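Chain letters run A, B, ... following the sequence lines, proteins first and then strands; every chain starts at 1. Keep in mind that the numbers below use all heavy atoms, side chains included, and drop hydrogens, waters and symmetry copies. In this text, all values refer to a predicted model and were calculated from it rather than measured experimentally.
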Protein chains: 2
Amino acid sequence: MSLTIMALAEPNRLHIVELLRDGPRPVGEIADKLRLRQPQVSKHLHVLSKAGLVEKHQSAQQRIYNLRPKPFLELENWLESYRYLWEERFDRLDEYLVKLQKDETKKKGKKHG
Amino acid sequence: MSLTIMALAEPNRLHIVELLRDGPRPVGEIADKLRLRQPQVSKHLHVLSKAGLVEKHQSAQQRIYNLRPKPFLELENWLESYRYLWEERFDRLDEYLVKLQKDETKKKGKKHG
DNA sequence: TAGGAATATTCTTTTACAGGAATATATAGT
DNA sequence: ACTATATATTCCTGTAAAAGAATATTCCTA
């Protein structure tokens, strides 16, 4: 998870991933389409590879990179634990503020009594 | 999207977000639980705030931070465009390799004829 | 096996950004 | 007004990591 997010946080790497969403691509084509230098693309792909986001297949001199599902699936699972944020009817903030209010009332009561 | 991911990519910020998943928290409590210094927490919260991931509410001297749904929802939507990765029956890689194979065959044919 | 094409690696330089320390600001209570 | 508490801001420094440049490696073809 953390590795996945860190790999995706670099803008050019995110672009590469978004390009690969449309299908597998050799390094040179990625460099062309994104107007990056080949060595930087290779380096970014290396990082993405370490994070398990892409895999490499060889075809003559070319290296074809394509996305791997696992980290995306994991990201999706992680996100699920935040789904309550837009699905819950009432905010937890309200809850919290009401709780604070109550605690405050208690304190004052104690002091006086 | 890009902003969201970049904000989440810093480990301590991710921890903060995961802590806030359980409910709103004042700065000091975040610092305590994550064993971070207060100024760093404030700074991280500032970044998270700029990315729209958190909002701040005031209660006496305390500032209560809590998660905002929007960026999570957007992340979820973004992820949806990758869902084919684990839902599709056949790999796009196979497709691509077969295509390469065909192109190669064509080339050789041309040369000879 | 020489040469060319595609990609990877290495080394250096540059830059963004996280942390540390000190200080400033805001709010409440006395 | 003064003090304490909670948080924010500023300035400085160190460092990780991205880009640039040059070179190495791998593989195919003639």
Item to check | Leu45(A) with Val47(A), same ILVMFWY side-chain cluster at under 4.5 Å | outcome: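 No, separate clusters.
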
Checklist entry - Is Tyr84(B) reachable from Leu97(B) through a run of I, L, V, M, F, W or Y residues, each pair having side-chain heavy atoms under 4.5 Å apart? => result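 No, Leu97(B) does not connect to Tyr84(B) through the hydrophobic network.
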
Item to check | Set of side-chain hydrogen bond (donor to acceptor under 3.5 Å, both in side chains) partners for Gln38(A), sequence neighbours left out | outcome: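 Ser42(A).
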
Value in whole Å for how far the [atom2] atom of [N] lies from [atom1] of [X]:
{"X": "Arg35(B)", "N": "dG19(C)", "atom1": "CZ", "atom2": "C1'", "value": "18 Å"}
{"X": "Asp32(A)", "N": "dA6(C)", "atom1": "CG", "atom2": "C1'", "value": "12 Å"}
{"X": "His15(A)", "N": "dA18(D)", "atom1": "NE2", "atom2": "P", "value": "14 Å"}
{"X": "Leu36(B)", "N": "dA8(D)", "atom1": "CG", "atom2": "C1'", "value": "16 Å"}
{"X": "Leu48(A)", "N": "dA17(D)", "atom1": "CG", "atom2": "P", "value": "14 Å"}
{"X": "Leu3(A)", "N": "dA17(D)", "atom1": "CG", "atom2": "P", "value": "11 Å"}

Next on the checklist: If you apply the rule side-chain contact (heavy atoms from CB on, under 4.5 Å), what do you find for Val17(B) with Tyr82(A), and how did you get there?
Outcome noted: CA-CA 10 Å; Val17(B) 166; Tyr82(A) 293 86; 3.7 Å; yes

Checklist entry - Starting at the 5' end of DNA chain D, which residue's closest nucleotide do you reach first, His44(A) or Val41(B)? => result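 Looking at the nearest nucleotide for each, Val41(B) comes out on the 5' side.
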
Checklist entry - What distance do Ile30(A) atom CD1 and His44(A) atom NE2 have between them, rounded to the nearest 0.5 Å? => result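 Answer for the CD1-NE2 pair, Ile30(A) versus His44(A), is 11.0 Å.
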
Checklist entry - To the nearest 0.5 Å, what is the distance between CG (Leu34(A)) and CG (Leu19(A))? => result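 Here the rounded value is 5.0 Å.
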
Next on the checklist: One pair to check against side-chain contact (heavy atoms from CB on, under 4.5 Å): Val54(A) and Ile16(A). What are the steps and the verdict?
Outcome noted: CA-CA 10 Å; Val54(A) 301; Ile16(A) 291 177; 5.8 Å; no

Checklist entry - Which residues satisfy the side chain to side chain contact (heavy atoms under 4.5 Å, CB included) test with Glu29(B), sequence neighbours excluded? => result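 Counting only residues at least two positions away or on another chain, Glu29(B) forms a side chain to side chain contact (heavy atoms under 4.5 Å, CB included) with Tyr96(A), Arg25(B), Pro26(B), Lys33(B).
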
Side chains of residues 1-12 of chain A: which donor-acceptor partners sit under 3.5 Å, not counting sequence neighbours?
{"from": "Glu10(A)", "atom 1": "OE1", "to": "Asn12(A)", "atom 2": "N", "distance (Å)": "2.9"}
{"from": "Glu10(A)", "atom 1": "OE1", "to": "Arg13(A)", "atom 2": "N", "distance (Å)": "3.1"}

Checklist entry - Do any pairs count as a side chain to side chain donor-acceptor pair (under 3.5 Å) and have a residue in residues 72-81 of chain B, sequence neighbours left out, and if so which ones? => result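 Qualifying pairs, neighbours excluded: Glu18(A)-Trp78(B), Arg83(A)-Glu76(B).
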
Next on the checklist: Does anything in residues 18-29 of chain A come within less than 4.0 Å of DNA chain C? Heavy atoms only, and list the residues if so.
Outcome noted: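 Output list: Pro26(A), Val27(A), Gly28(A).
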
Return all side-chain donor-acceptor pairs below 3.5 angstrom for residues 63-73 of chain A, not counting sequence neighbours, or 'none' if the list is empty.
{"from": "Asn66(A)", "atom 1": "ND2", "to": "Glu55(A)", "atom 2": "O", "distance (Å)": "3.2"}

Checklist entry - Can you tell me if the side-chain N/O atoms of His46(B) get under 4.0 Å from OP1 or OP2 in dT7(D)? => result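 Answer no for this pair, as no side-chain N or O of His46(B) is under 4.0 Å from OP1 or OP2.
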
Item to check | Neighbours of DNA chain D within residues 50-66 of chain B, by heavy-atom distance under 4.0 Å | outcome: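 Contacting residues: Lys56(B), Gln61(B), Gln62(B), Arg63(B), Tyr65(B).
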
List, with names and distances, any nitrogen or oxygen atoms from the protein found under 3.5 Å away from nitrogen or oxygen atoms belonging to nucleotides 20-23 of chain D.
{"from": "dG20(D)", "atom 1": "OP2", "to": "Arg37(A)", "atom 2": "NE", "distance (Å)": "3.1"}
{"from": "dG20(D)", "atom 1": "N7", "to": "Gln40(A)", "atom 2": "NE2", "distance (Å)": "3.4"}
{"from": "dG20(D)", "atom 1": "O6", "to": "Lys43(A)", "atom 2": "NZ", "distance (Å)": "2.7"}

Checklist entry - End-to-end bend of the helix from dT1(C)-dA30(D) to dT30(C)-dA1(D) (five-pair axes, 10° rounding)? => result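 Roughly 20° between the end axes, to the nearest 10°.
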
Item to check | Listed partners of Glu88(A) passing salt bridge (Lys or Arg N to Asp or Glu O under 4.0 Å), at least two apart | outcome: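 Partners of Glu88(A) by the salt bridge (Lys or Arg N to Asp or Glu O under 4.0 Å) criterion, ordered by chain and then number, come out as Arg92(A).
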
